[in-house]
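Everything below concerns the one structure shown next.
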Amino acid sequence: MKTKPLVVITGASSGIGAAFARRFSAEGHPLLLLARRREPMEALALPDTLCRSADVTDREAVTAAIREAEARYGKTDLLINCAGIMLLGRPDTQAYDEWSRMIDVNVKGILTGTQAVLPDMVARRGGTVINISSVAGRKTYDSHGVYCGTKFAVHAITENFRHETAGSNVRFIVLAPGVVETPLVTHTTDQAIKDGYNAFKETMGGGMQPETIADCAWFAYAMPQSVCVREVVIAPTRQPE
Ligand code: NDP
């Protein structure tokens, strides 16, 4: 039986990224899982899986981990850039450092892995990159200024890269969820904003399960290479915004 190709997932130590890892492993793919915390990725206990601690803003570390995985499992056929942080805050009070970290992780963090795999995908005329954006990459929300900016950037970069590599048979897909049940908001430092976000979530009966987002990623990836699901926007039915 032919071995399935390598899938690289960033942000796999928690939430949506961990759900991607479980789903693509269940579909029989060898995996490289990347995040700063290695233990939660190893705790997933998935077969044919390499777990490496790397900050997605560290291009050398990300590239080295991808090369190590490719030496073991073959070329990367799918890169999922999922690592991200959401630090909500008001424009007049939020710390500059929080803005800076969101831009580094959410924007530069999708570029490190992309640069490590894309030249080879273009050369061999195949491969897929799925970038995780958000409905906050389509609409703006109060307290989300810089977070929305980073996710608008993910949309823009993905669409532009798709356009320029389409002729090489490479697929770029942007997957943009609404509210999902993960620890994402817990890293926000402003308690009142965090409370407001959780109250908003209650009004829609809670967020989606991470497995639902993994279903979407699998649906898009499992299409023939000749078909590119360019964008998926998915949110709880009762999320009006
Ligand atoms: P989680 O907080 O559960 O997961 C975030 C992941 O990103 C963790 O694995 C974390 O790992 C990783 N990460 C954060 N910073 C870095 C870094 N510098 N280097 C490497 N990895 C990093 O949140 P979600 O699962 O919800 O978020 C995943 C993605 O989904 C994000 O891009 C987010 O913006 C997006 N999203 C989430 C939504 C939601 O409602 N939850 C809605 C729309 C989009 P570690 O800390 O170990 O490094």
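Predicted model only: the values in this text are computed from it and were never measured. Whatever order the structure lists them in is the order used to number ligands and atoms, beginning at 1. No hydrogens, no waters, no symmetry mates; every other heavy atom, side chains included, goes into these values. Residue numbers count from 1 along this sequence.
With respect to atom 19 (N) of ligand 1, the closest heavy atom belonging to the protein is V56 N, 2.9 Å. Remark: minimum distance from atom 31 (C) of ligand 1 to any protein heavy atom is reached at C82 O, 3.2 Å.
Of all atoms in ligand 1, numbered sequentially from 1 with element shown, those under 4.0 Å from a heavy atom of I16 are 25 (O), 26 (O), 30 (O), 37 (C). Set against the non-hydrogen atoms of A54, the atoms of ligand 1 under 4.0 Å away are 19 (N), 20 (C). Listed by atom number, the atoms of ligand 1 under 4.0 Å from Y197 heavy atoms are 40 (O). Applying the 4.0 Å criterion to heavy atoms of G84 picks out, from ligand 1, the atoms 5 (C), 7 (O), 14 (C), 31 (C), 32 (O). Listed by atom number, the atoms of ligand 1 under 4.0 Å from G15 heavy atoms are 3 (O), 25 (O).
Contact annotation: for T182 versus ligand 1, heavy atoms closer than 4.0 Å belong to the side chain alone. Contact annotation: for Y147 versus ligand 1, heavy atoms closer than 4.0 Å belong to the side chain alone. Contacts between S133 and ligand 1 below 4.0 angstrom, taking non-hydrogen atoms only, involve the backbone exclusively. Heavy atoms of D55 found under 4.0 angstrom from ligand 1 belong to the backbone as well as the side chain. Neither the backbone nor the side chain of E181 has any atom closer than 4.0 Å to an atom of ligand 1 (non-hydrogen atoms only).
Under the 30°/60° scheme for interplanar angles, the aromatic rings of Y96 and W99 are found to stand perpendicular.
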